[in-house]
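A short write-up of the structure that comes next.
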4 protein chains.
Amino acid sequence: MALKKAGVLGATGSVGQRFILLLANHPEFEIHALGASGRSAGRNYKDAVTWKQTELLPESAKNIKVEECKPDGSFAECDVVFSGLDADFAGQIEKDFVEAGLVVISNAKNYRREADVPLIVPIVNPEHLSVVEKKVEDAKANGKTKQGFIICISNCSTAGLVAPLKPLVDAYGPIELLTSTTLQAISGGGFSPGIPGIDVLDNIVPFISGEEEKIEWETKKILGGINDKGTEFKILSDDDIKVSAQCNRVAVSDGHTECISLKFANRPPPSLEQIKQTLRDYVCDASKLGCHSAPKQTIHVLEEQDRPQPRLDRDRDSGYGVSVGRIREDPVLDYKMVVLSHNTIIGAAGAGILIAEILLAKNII
Amino acid sequence: MALKKAGVLGATGSVGQRFILLLANHPEFEIHALGASGRSAGRNYKDAVTWKQTELLPESAKNIKVEECKPDGSFAECDVVFSGLDADFAGQIEKDFVEAGLVVISNAKNYRREADVPLIVPIVNPEHLSVVEKKVEDAKANGKTKQGFIICISNCSTAGLVAPLKPLVDAYGPIELLTSTTLQAISGGGFSPGIPGIDVLDNIVPFISGEEEKIEWETKKILGGINDKGTEFKILSDDDIKVSAQCNRVAVSDGHTECISLKFANRPPPSLEQIKQTLRDYVCDASKLGCHSAPKQTIHVLEEQDRPQPRLDRDRDSGYGVSVGRIREDPVLDYKMVVLSHNTIIGAAGAGILIAEILLAKNII
Amino acid sequence: MALKKAGVLGATGSVGQRFILLLANHPEFEIHALGASGRSAGRNYKDAVTWKQTELLPESAKNIKVEECKPDGSFAECDVVFSGLDADFAGQIEKDFVEAGLVVISNAKNYRREADVPLIVPIVNPEHLSVVEKKVEDAKANGKTKQGFIICISNCSTAGLVAPLKPLVDAYGPIELLTSTTLQAISGGGFSPGIPGIDVLDNIVPFISGEEEKIEWETKKILGGINDKGTEFKILSDDDIKVSAQCNRVAVSDGHTECISLKFANRPPPSLEQIKQTLRDYVCDASKLGCHSAPKQTIHVLEEQDRPQPRLDRDRDSGYGVSVGRIREDPVLDYKMVVLSHNTIIGAAGAGILIAEILLAKNII
Amino acid sequence: MALKKAGVLGATGSVGQRFILLLANHPEFEIHALGASGRSAGRNYKDAVTWKQTELLPESAKNIKVEECKPDGSFAECDVVFSGLDADFAGQIEKDFVEAGLVVISNAKNYRREADVPLIVPIVNPEHLSVVEKKVEDAKANGKTKQGFIICISNCSTAGLVAPLKPLVDAYGPIELLTSTTLQAISGGGFSPGIPGIDVLDNIVPFISGEEEKIEWETKKILGGINDKGTEFKILSDDDIKVSAQCNRVAVSDGHTECISLKFANRPPPSLEQIKQTLRDYVCDASKLGCHSAPKQTIHVLEEQDRPQPRLDRDRDSGYGVSVGRIREDPVLDYKMVVLSHNTIIGAAGAGILIAEILLAKNII
């Protein structure tokens, strides 16, 4: 089968580098276009980038000519475009790409709150992609050969939080109260300049700009439904679920740890063992669809009393599996537990790749 | 005024070293006896200890002969004995000392749950010392010249947690729901061997043995009252206050950070500004008594959105002041905030010294 | 081809765990016997071990019954036995194994200085294995069917140091002066308890017990020759090469960095470009033999001015490749450079596995 | 005595903040003028600065109006001006100040290599101040009432390196070979943005731009002499002393560690015990002059085998004392040792303050 052509916007940044690593040896995609700021445009990728990954810069990407982030040139031929752009630039550029009929999967926050834009954690709510699927079908029905749309990747700490919630809600009904105190890795802060060393050496910073609001709002979209026409998303209200987040930056390279606590709406709540079993049994749709990057085990339930730990557990299923440990009763809400997810995989670039795989498996691209 | 004679049990350990540092230039106490295990006994302190503090080993302590931890010899002459013993040894030794009529202020957990033993955070509940004060008065009334007793220092993370709660409860009535997710420093783990480096390098450990139980239980004793006879403590029940803790070890040397959330029993709860003002206005009894180590400002309310931070804020008032920041409304309970306290000062050895100063100011020793 | 049977001594320790990981999916070896202290003996491996690796405990090892470290039972059937024993125990146990006719590849220091024991860095001096090859041949000639012997893995920081020296000495003659200041990872210190966290948090420790002596002595054996009979090693003298090491422990999990400086005996020394080219061109014998774990590129010469860095470069060739950067003229000796090697791979367990692969390729086992 | 008026250039930066902390309670100086970029000018200091020190912003500095960095306004009245400016701006601004007749003590590198500018480590070569003393005397003789001049603070890692060398050279004659491998703290990198966290988390960076050249060159000026006229400095040549530096950035907040090695020109070299005694006996001129910040003990010779360590030893004598440990024979040169110095005190702002104290003690200002 011919490989699908993939473009990467913001290719020299930290998210862009991750997209390139994940695409380099992908069985379904090939890198076709790389876009960066004007300063980099025109140079070979290897000369434009300051590569700071633990894996080497893939040979196949080294000599790709970097273009400006415009929906013409090589980008016009792309089946899917991954965006690692900063929010400052993503607004206009991604809009231009969609209007040019391109499919954009974006890590930027700009369009997450749009009513018709899916906000996706691929191991959680791929059914939300039906909104763009319908858009494509309607376009075809109207004789259009090309229909642009955008899909947003969720915030990284939201991704880890909702992963165990989804199967629990499916099995035991709504969660009405939810708290998460996060201990977040520094890789989420990029690296130009990223999180200053002096902030995380013998220190924590109990604040990440905008992060708590993202967790509290995005959870309500991801766990919410779709309107009857199948065209827009219904956001849960505070009457449905109250969410409270406290976010901290800690001296960890990769892997967000979240100490969460939750209360079910239905009384009595499920038993401790039911919760564990439900999490163990959960198979995400991406796995059922046989997607290349889908985790073998979506949620790893750890029984050791001192796990999950980011250094030891973040790489389960290449970072697409989420680890949950210390599940126990909570004197204040119903249950508390510790959730670990890989912020640059399931919480950023990796999620984008798996979303694209799902789109492909569903013939949307 | 003649200096009071102080003894230190477990003098070569990390808590013992802190006691010695704090006593070395103290205007009211002098080091009179140092106790350690048999291996160290008989040697000069400087030869028995592996000193690992940022301040130099005080000259005045260097050549004190280390004794065994027995309530005779120099210890018999002590006005107060500070115990930094491990729980494995504290049980018997501290009992022997009290039975010999000595006053013991202990950092060990062994006697914290005894009905007649005060569990003290000196900037929070020094009024609990009335139970030992009464014991001493009763003894005097009975013609006894010497009355031993023990006072327990609270667990380190409990100390930081209850500091801001005390003035709030005094002003606005009981707290009925309380959660704390901690990010705890490694100095609390001692240093022989202490927390392994591999556990906190690019990592966190979401578990500290026994810590959550201590926070959940000790809070109920410290915020509780005394029986009518003035002889025993009343522990709050789950009907009074539900407490839930999640404890994490992080790569910080000193200073425990706690992300807390609370709900008042009374409706409506106080306003955000009332809470801040009450915390700012709080003056602990130790300060009113003019104790040497008492903080000038008991609680520092920080308005910067990214504070408190352990490296920057842990040393306020020499570690006796507690910093509280990010006070804000909580969608799930009433309010959430970040509390930072110095675990080896207000959460351990330093608390012991301040307790002794209060005992002295009240003529109990 | 039937898999060779491998045993692991000290199987529950940090080096032992690494041996097991490397053996679990090995195409030539299978785990046949696991040995640990009496406390663990008799239990299944998964119950005996506190597994602290980033990869999961291999399924194939989970239910192997742990034995005592004695050369009978399953160990008697092993083709090769890897020892991760502490020096306190290695002396007697390894002796017993060799006397029972077993082949031992040991990470312990005990026998490194024996005149007839090869001290091997497998990408550097596999030709030293001729001494045991001869021993085996002599035994066969004498009608013995089984000939035990021991091979020692070098100290971890020695391994990184000598890697670039070997091709340089081969090409340009002896090095007469050599200095190395090391910045060593904490994984080398094991994990029960390993390096205390407080030692490496916002700190370095400029001392590692016995390490400088090991570097200074082992270099002289590894770069030395074999006597005419082929039975013993000739250690270089101070007249041949003077070596000076300064060792530091730093907050790095894996990967030893060494700032080295060297002076060649021959005048004029090679040019900067000659040195780089020689290092780039070096193909170690293990690679020529086609060994499974041999690096594709033995030495990676990095041109970026701020490399190698442990987090980014330690995993080259699965940790079997050594990275060398910042090669430049030295005002005091001839050249200085920065060498990075993976201490648990090429500097410990991984080296043991590659040595076994070489033995197999040469039909010595 | 009236306090001398001090100005601070670059007052909002990391070096500037340190100058302000050190001046706030100084018995001889008072803060009279604060200068920063145009963006900050006109605002009160507390509103212009993002204060990131472990000590609180001094009350006395909070409401000082920040000015532009021009030698008029309040700066014109200053007895001494401390410059924490970035090299990008220091060149022109410092020149303007000196031409306006002001005394500038600068942490910037711009004028360090000027023939008539003293490059000073105040515990090492205050005698080099005679060049500006002469300049002032000549001016007075010529009837000038005001004579501007600049004094440069040395590079931070140079300061630590030369501290133990000075007394050794005075006692035993020239050093002809000198190597230093540094492990440098991140505070030297400032904090906007400073060293990225991802660079020093589980990592080291074996390169600091321009640092090795600074060490190698500045050592030759600081250990060099003055011409016969007393007007210019004589820089040592490679024939006098060869210096080789290798610089690394490590995860330490404050305190540069240097593993140094040296060879004396005279044969035989002094004995190990002579070296230790000479270092212990060294009393720097600033101490003899009774300067406020001068260390009680200039060089601390540590006998513990694992010291100095930055977290434990950097604050000796408030950071003005230098610690030297592990002094031992070196197989390649004569002796090797580990030197620890506080990079922001004796290596930057603190040095500036002590230089000003010396100028005052000598009536140069």
Side-chain angles (χ1 to χ4, degrees), chain A residues 176-183 185-186 198-209 212 216 238 241-255 257-261 263 304-314 325-326 328-333 336-340, chain B residues 176-183 185-186 198-209 212 216 238 241-255 257-261 263 304-314 325-326 328-333 336-340:
Chain A
E176 70 174 27
L177 298 176
L178 176 66
T179 66
S180 176
T181 300
T182 70
L183 295 84
I186 61 176
I198 201 69
D199 278 3
V200 290
L201 178 63
D202 192 9
N203 202 27
I204 63 152
V205 180
F207 174 75
I208 301 173
S209 183
E212 296 175 356
E216 295 175 1
D238 262 18
I241 181 172
K242 291 183 179 64
V243 186
S244 177
Q246 302 208 52
C247 294
N248 301 282
R249 188 73 73 181
V250 298
V252 168
S253 64
D254 289 315
T257 301
E258 305 188 47
C259 295
I260 79 172
S261 188
K263 186 181 180 187
E304 298 89 338
Q305 65 183 4
D306 62 351
R307 303 286 279 265
Q309 294 178 20
R311 200 174 54 79
L312 297 179
D313 298 309
R314 62 191 167 205
R326 303 205 69 218
R328 58 212 194 281
E329 293 190 357
D330 178 20
V332 171
L333 304 185
K336 49 187 173 181
M337 61 192 77
V338 179
V339 182
L340 174 74
Chain B
E176 69 173 27
L177 297 176
L178 176 66
T179 65
S180 176
T181 299
T182 70
L183 294 84
I186 61 175
I198 200 70
D199 278 3
V200 290
L201 177 62
D202 191 9
N203 202 27
I204 64 154
V205 180
F207 174 75
I208 300 173
S209 183
E212 296 174 356
E216 295 175 1
D238 261 19
I241 181 171
K242 290 182 179 64
V243 187
S244 176
Q246 303 208 52
C247 294
N248 301 282
R249 189 73 74 182
V250 298
V252 167
S253 64
D254 290 316
T257 302
E258 306 188 46
C259 296
I260 79 172
S261 188
K263 185 181 180 187
E304 297 90 338
Q305 65 183 4
D306 61 351
R307 302 287 278 265
Q309 294 179 18
R311 200 174 54 79
L312 298 179
D313 298 309
R314 61 191 167 205
R326 304 206 68 218
R328 58 211 194 282
E329 294 188 359
D330 177 19
V332 170
L333 304 185
K336 48 187 173 181
M337 61 192 76
V338 179
V339 181
L340 174 74

Can you tell which part of [X] gets under 4.5 Å to a heavy atom of chain B, answering side chain, backbone, both or neither?
X        : answer
A:Ile208 : neither
A:Arg328 : side chain
A:Val332 : both
A:Glu329 : neither
A:Leu340 : neither
A:Glu216 : side chain
A:Ala185 : neither
A:Ile204 : both
A:Ile241 : neither

Do A:Arg314 and B:Asp202 come within less than 4.5 Å of each other through their side chains, counting heavy atoms only?
-> yes
Could you tell me whether the side chain of A:Pro331 reaches within less than 4.5 Å of the side chain of A:Lys336, counting heavy atoms only?
-> yes
Rounded to the nearest 0.5 Å, how far apart are CD of B:Gln309 and CG of A:Asn248?
-> 10.5 Å
How long is the gap from CE on B:Met337 to SG on B:Cys259, to the nearest 0.5 Å?
-> 11.5 Å
Partner residues of B:Asp254 under the side chain to side chain donor-acceptor pair (under 3.5 Å) criterion, sequence neighbours left out = B:Ser187
Residue list, side chain to side chain donor-acceptor pair (under 3.5 Å) with A:Ser261, at least two apart or on another chain | A:Asp330
Looking only at B:Leu201, B:Val200, B:Thr181, most heavy-atom pairs under 4.5 Å shared with chain A are made by B:Thr181
When only pairs under 4.5 Å are counted, which of B:Leu183, B:Asn203, B:Leu178, B:Val338 shares the most heavy-atom pairs with chain A?
-> B:Asn203
Mind running side-chain contact (heavy atoms from CB on, under 4.5 Å) on B:Glu176 and B:Lys242 for me, showing each step along the way?
-> CA-CA 6 Å; B:Glu176 69 173 27; B:Lys242 290 182 179 64; over 6 Å; no
Go through the steps for A:Leu333 and A:Thr179 under the test side-chain contact (heavy atoms from CB on, under 4.5 Å), then give the verdict.
-> CA-CA 9 Å; A:Leu333 304 185; A:Thr179 66; 4.3 Å; yes
Who among A:Arg326, A:Arg307, A:Lys263 has the most heavy-atom pairs with chain B under 4.5 Å?
-> A:Arg326
Return the option, out of A:Ala251, A:Gly255, A:Pro308, A:Pro206, with the maximum number of heavy-atom pairs under 4.5 Å with chain B.
-> A:Pro206
Do you know which two heavy atoms are closest between A:Val250 and A:Ile186, and how far apart they sit?
-> O-CG2, 3.5 Å
